[in-house]
Amino acid sequence: MSDEKSLNFLEEIIEADLAAGKYQQIITRFPPEPNGYLHMGHATSICLNFGLTKKYGGYTNLRFDDTNPVTEDTEYVESIKADIKWLGFEWKHELYASDYFETLYEFAVQLIKKGLAYVDDSTSEEIAEQKGTPTQPGTNSPYRNRSIEENLLLFADMRAGKYKDGEKVLRAKIDMAHPNMLMRDPLMYRIKHAHHHRTGNKWCIYPMYDFAHGQSDSIEKITHSICTLEFVPHRELYDWFIEKLEIYPSHQYEFARRNLSYTVMSKRKLLQLVNEKYVAGWDDPRMPTISAMRRRGYLPESIRDFCDGIGVAKRENLVDIGLLEFYVRERLNKVALRRMVVFDPLKITITNYPDTVEWLESENNPEDASAGSRTIPFSKEIYIEKEDFMEQPPKKYFRLAPGQMVRLKSAYIIQCNEVIKDSEGNVVELKCTYIPESKSGNDTSGIHVKGTLHWVSIQHAIPIEVRLYDRLFNVENVDAAEGDFKDYYNPNSLEVIPKVFAEPSLQNATLNERFQFIRKGYFCLDIDAQNGSLIFNRTVGLKDTWAKEMKKA
RNA sequence: UGGGUUAUGGUGUAACGGUAGCACUACAGAUUUUGGUUCUGUCUGUCUAGGUUCGAAUCCUAGUAACCCAACCA
């Protein structure tokens, strides 16, 4: 029936273009500005741009939009490249808008010669004044009618460094009464005596976004230049420059950027969280950055699944972060090695078990037989979770209670015979007996129990640290919430448990491995784990229908 | 007192004049040595008002709402 997936609007445009023979191949670009780390919003753009050329044949360039030297840095260039590679994409050419500075300068000279650009001595305040407002037309600059010769001379002087920052700008000569504010004689060049991360001190004038982006697309013969909705008004100017310059006609298409619930996505806000120490850095596992998601243990496949799953459209949206977590679990479930770790220990003594150690076999992943198995030590004294015992259990409680039986995962069925308490009445230990015939794999006891618990042998357990993460903010739509977004920061977004008890095989965990701590969630080693210390991040929890049930009650 | 963009269940996204579908969520059940996974089923939707048509989410008219545009940022 539905063997064909429906197309999104960009795929429809591309298929129509291809069918019309408009292009031999599709060329897109991913154009980050190297002034911050990539986040989930960039990931959707990356998946879109690279995904489209992969599907329809062609290629995608990585082009750094480095036209503002004061905010940009090579540190960001490197992190951006690493993130794209990790996501699983390969760019055809690594390019920089700054590669085109000389060409762009020539383009500007051409426009001056056509009488379509002029040097303006107005201050930024005066220019703002001239702009008018969305509902009122602007007014012409007094410098608007300089001769071509004078403009040529002044522009050359700007380049030669004869003026200070802000003293002069080059503007396009379009229409100060245009209903589109962007068309009211937009700035093309400004003076910045600043060091550029690639061109050094060669230039003191830098092109504005609008005079760099479209022309860069054109130079690279980008067929489909995809950006977000806030650039829709820029398209008219994008086309104007291309038309007047008579260069290759790239076309711009816009889609709605994706917003995620319970987090923020703007670079400005993310930077604030870092600078004001709400998080430990750009790759703090709570951040929505790609580097943070990588550190937290997300698989790149999950992020790609997510981007495909949410699709692409032009309407405003707020995607439930739970959907991202679904894709994270879905992938992890298939590859994570199962391990047993007790977070909040309660001691059990198995009174009828001998003073020996038995090594029991347990599968690494029930979803994947090829993942093999490992052995776990079992002994007379073990830990289980405190929450897995209740003295007065509610209905449908399948765990341990006085007189009740449970299965210890991959081991035996035990029965609780005696509850030992301290002077304050807290349960401190359980005396249990085990059923020798109930051994995992050759159970001849004939006993059926509802509950299975994870456990560790006390004398073999190794201490590890776990870091549990929750949503960064307390409200769904952070951007729409009243007041300062930081007021909604979730102080419980990070919980560190310095010492929990793990089965010994975790001693050899490596950074590339993914684990499921049975009944606890998905975990991976954190990069902070060094010289023997074991620190694990909880990537995402497991679905917990029992906890939900208890919450309802 | 301008211009632009958008409106489909709780969320995201399809349906291109012909049965409003898919995924997540929620709920109910089956299976389960993870209250995980898997499987089955159920609930909830076309911004409003008119019109055209045998038939409208889709076409027309008029409204309404949300978002974007007045950085020498991108």
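Residue numbers start from 1 in every chain, and the chains themselves are labelled A, B, ... in the order their sequence lines are given, proteins ahead of strands. Since the structure is predicted, the reported quantities are computational estimates derived from the model, not experimental observations.
On the C1' atoms, B:A26 is 45 Å away from B:A71, given to the nearest whole Å. With both ends at atom C1', the span from B:U13 to B:G45 equals 13 Å, rounded to whole Å. Rounded to whole Å, the separation between the C1' atoms of B:G18 and B:A56 comes to 10 Å. Atom P of B:U58 sits at a distance of 14 Å from the matching atom of B:A15, rounded to the whole Å. B:U53 and B:U61 have their C1' atoms separated by 16 Å, with the value rounded to a whole Å. Only the C1' atoms considered, B:U44 is 15 Å distant from B:C22, to the nearest whole Å. B:C27 and B:A57 have their P atoms separated by 32 Å, with the value rounded to a whole Å. Distance check on atom P: B:A28 versus B:U19 gives 33 Å, rounded to whole Å.
With no hydrogens or angles considered, a side-chain donor-acceptor pair links A:E33 and A:N35 at under 3.5 Å. No donor-acceptor contact under 3.5 angstrom links the side chains of A:S362 and A:R338, judged on distance only. Between the side chains of A:S225 and A:R29, at least one donor N or O lies within less than 3.5 Å of an accepting N or O. Using modelled atom types, one finds no donor on one side chain facing an acceptor on the other under 3.5 Å when comparing A:Y298 with A:E325.
Nearest-nucleotide mapping onto RNA chain B: of A:N333 and A:V232, the residue sitting toward the 5' end is A:V232. Judged by closest nucleotide on RNA chain B, A:K409 is the one of A:D121 and A:K409 placed further toward the 5' end.
Under the Watson-Crick and G-U wobble criteria, each requiring two contacts below 3.5 Å, nucleotide B:U31 is left unpaired. In this entry B:C67 has B:G4 as its Watson-Crick or G-U wobble partner, both defining distances falling under 3.5 Å. Look at B:G50: its Watson-Crick or wobble partner, with both distances under 3.5 angstrom, is B:C60. For B:C24, the paired base is B:G10 (Watson-Crick or G-U wobble, both distances below 3.5 Å). Across all strands shown, B:C73 forms no Watson-Crick or G-U wobble pair with both key distances under 3.5 Å. B:C43 makes up no base pair with any nucleotide shown, lacking Watson-Crick or G-U wobble contacts both under 3.5 Å.
Residue A:N180 is classed as having no contact, given no heavy-atom separation below 4.0 Å to the nucleic acid. Within the 4.0 angstrom heavy-atom criterion, base atoms lie near A:K396. The residue A:G166 sits close to a base: some heavy atom pair falls under 4.0 Å. Within the 4.0 angstrom heavy-atom criterion, only backbone atoms of the sugar-phosphate kind lie near A:L323; the bases stay farther away. A:Y206 comes within contact range of no nucleotide atom at all, as no heavy-atom separation falls under 4.0 Å. Within 4.0 Å of A:P366, counting heavy atoms only, lies at least one base atom of the nucleic acid. Within 4.0 Å (heavy atoms only), A:K520 reaches no atom of the nucleic acid at all. Here A:R258 lies in heavy-atom contact (under 4.0 Å) with sugar-phosphate atoms only. Within 4.0 Å of A:S266, counting heavy atoms only, lies no atom of the nucleic acid at all. Within the 4.0 angstrom heavy-atom criterion, only backbone atoms of the sugar-phosphate kind lie near A:I310; the bases stay farther away. Across all strands, A:N35 comes closer than 4.0 Å to no nucleic acid atom at all (heavy-atom distances). A:K552 comes within 4.0 angstrom of sugar-phosphate atoms only, judged by non-hydrogen atoms across all strands, and of no base. A:S261 comes within contact range of no nucleotide atom at all, as no heavy-atom separation falls under 4.0 Å. Using a 4.0 Å heavy-atom cutoff across all strands shown, A:H234 reaches at least one base atom of the nucleic acid.
Put simply, the residue from A:Y189, A:Y100, A:F101 that forms a ring pair (Phe, Tyr, Trp, His ring centres under 6.0 Å) with A:Y206 is A:F101.
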If you apply the rule side chain to side chain contact (heavy atoms under 4.5 Å, CB included), what do you find for A:H251 with A:I13, and how did you get there?
CA-CA 11 Å; A:H251 290 281; A:I13 289 167; over 6 Å; no
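Of all nucleotides in RNA chain B, those with any atom nearer than 4.0 Å to a heavy atom of chain A start and finish, going 5' to 3', at B:G2 to B:A74.
Ring centroids of A:Y412 and A:Y434 are separated by less than 6.0 Å, placing the two rings close together.
A side-chain donor-acceptor contact under 3.5 Å links A:H39 to the backbone of A:M265.
Judged by the 6.0 Å and 45° rule, A:R198 forms a cation-pi pair with A:Y96.
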